[in-house]
Amino acid sequence: MNIFKKAAATFLVVLFCVAAVLVGRVYLSGPRYGLTARDWARARGNPEAPVWIVEYTDLSSRQCVESGRYLASVAADPLSVFYQVRFLAKDRSALDTVLRFECAARQGKFWPFHDAWLKNQAARINGKKLAECLRRPEIEEAIRDETKKAEALGIRSIPTYFVNGKKVSGLADLKKLFDAKFSWESV
Amino acid sequence: MGERMKPGVGFFSIARMLTGMVFAVSGFLKLVAAPDDFLRSVLSYRILSGTPAVVLARGLPWAELCLGVFLALGLWTDFALLTLWIFVTAFSIAVFLAMFRGISIEGCGCFGPKMSALPLSMTLTLDAALWFTFLLLCMRLSETHRFTLDRKF
């Protein structure tokens with residue numbers, strides 16, 4: 001009989017622990033995985049994957065498009081790679097391109113737009129909403145702010161990557177990292 | 001009449017409860033923090049990677065929380081004591097290896113992201129203190145078992 005009482009007590013204690021964690025997550029935790037809703041719209045893969053790649057790019061540049069294609073191929077496995085795109089728009093042309101991506105993201109169409117862009121195809125997004133979005137000054141402000149933050153991180157060239165927190169500049173270095181059969185020793 | 005209090009009896013029960021609470025708090029803080037924070041701590045030791053690291057990062061905080069509460073309450077005391085002692089031993093080895101290999105680790109991952117910025121030498125000292133507390137608790141098991149829920153069942 002005592003074993004049943006002990007099992008019941010154990011169950012209650014475990015239940016209390018689970019409840020405490022659930023309540024704690026509501027009241028004590030910050031943004032999930034440290035990402036804002038805006039970050040989530042431009043991220044894909046498993047956030048618990050062992051490899052995190054943050055790409056700083058400007059997809060108006062041919063180099064960045066080429067790097068984007070390479071990254072799409074190496075980051076194809078969503079279980080082992082978490083891939084996040086951020087923008088660095090230094091000039092007007094870059095800003096115009098990035099604005100389109102930002103507006104696509106606000107329609108929840110960032111990845112279709114991104115993938116279509118890399119393939120030189122037209123993406124299926126709402127053109128009217130896109131045009132309205134492009135006219136909003138806060139969108140441009142958000143991109144300028146993102147660019148400032150990237151520059152504050154010491155990013156001077158594009159594309160630049162952070163692979164598990166390690167800064168990698170340019171496609172050649174990124175390829176070197178992955179060609180070396182990506183391992184923790186190399187990061 | 002109840003058992004007569006012997007010198008040191010209170011000390012071992014209190015040490016058991018405090019040790020249990022340390023683990024419960026440690027597990028709780030990891031569980032309410034962003035899950036990738038502890039995963040990054042696990043990965044930073046460069047011992048595990050891939051699925052084993054993810055499984056450890058997800059499972060260990062729950063084990064710490066539940067076993068810590070068990071130890072504090074004195075439920076399944078021996079099991080909780082032994083398992084947590086193994087955890088401390090394994091963690092101490094991981095910290096020692098990190099120091100030996102010269103790996104720079106920003107946060108030990110001990111108490112969630114906000115309270116993990118301890119230098120490795122300090123972490124190792126705290127682990128050693130915990131390890132010897134476990135040794136003492138195991139050496140004086142009968143006194144450790146005072147004021148436990150186990151005695152009610």
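What's counted below: heavy atoms across the whole structure, side chains too, no hydrogens, waters or symmetry copies. Chain letters run A, B, ... following the sequence lines, proteins first and then strands; every chain starts at 1.
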**Q** Take atom CZ of A/Arg62 as the centre, draw a 6.0 Å sphere, and report whether it contains more than 12 heavy atoms from other residues, nucleotides or ligands.
**A** no
**Q** Please tell me whether B/Phe100 and B/Val42 are part of a single hydrophobic cluster in this structure, the criterion being side-chain heavy atoms less than 4.5 Å apart.
**A** no
**Q** If you count every heavy atom of other residues, nucleotides or ligands that lies below 6.0 Å from A/Gln63 atom CD, does the total exceed 12?
**A** no
**Q** Are more than 12 heavy atoms from other residues, nucleotides or ligands located less than 6.0 Å from atom CD of A/Glu151?
**A** yes
**Q** Let me confirm one number: the CG-CG distance from B/Leu73 to A/Leu12, rounded to the nearest 0.5 Å.
**A** 11.0 Å
**Q** Using only non-hydrogen atoms and a strict under-4.5 angstrom cutoff, which residues of residues 59-71 of chain B touch chain A?
**A** B/Trp62, B/Leu65, B/Cys66, B/Val69, B/Phe70
**Q** Contact part of A/Val23 toward chain B, heavy-atom cut-off under 4.5 Å: side chain, backbone, both or neither?
**A** neither
**Q** Could you please spell out the steps behind the side chain to side chain contact (heavy atoms under 4.5 Å, CB included) verdict for A/Lys6 and B/Asp150?
**A** CA-CA 8 Å; A/Lys6 195 168 178 177; B/Asp150 279 337; 3.0 Å; yes
**Q** Hey, quick one: are B/Val55 and A/Val81 part of the same hydrophobic cluster, counting side-chain heavy atoms closer than 4.5 Å, chains of contacts allowed?
**A** no
**Q** Do B/Leu135 and B/Phe87 sit in one hydrophobic cluster, given that two such residues count as connected whenever their side-chain heavy atoms are within less than 4.5 Å of each other, even indirectly?
**A** yes
**Q** Tell me whether the count of non-hydrogen atoms from other residues, nucleotides or ligands lying under 6.0 Å of NZ in A/Lys90 goes above 12.
**A** yes
**Q** Under the criterion side chain to side chain contact (heavy atoms under 4.5 Å, CB included), I'd like the reasoning laid out for A/Val21 against B/Phe28: C-alpha separation, chi angles, the key distance, then a yes or no.
**A** CA-CA 7 Å; A/Val21 169; B/Phe28 179 78; 4.1 Å; yes
**Q** Counting only heavy atoms not in A/Arg42, do more than 12 fall under 6.0 Å of its CZ?
**A** yes
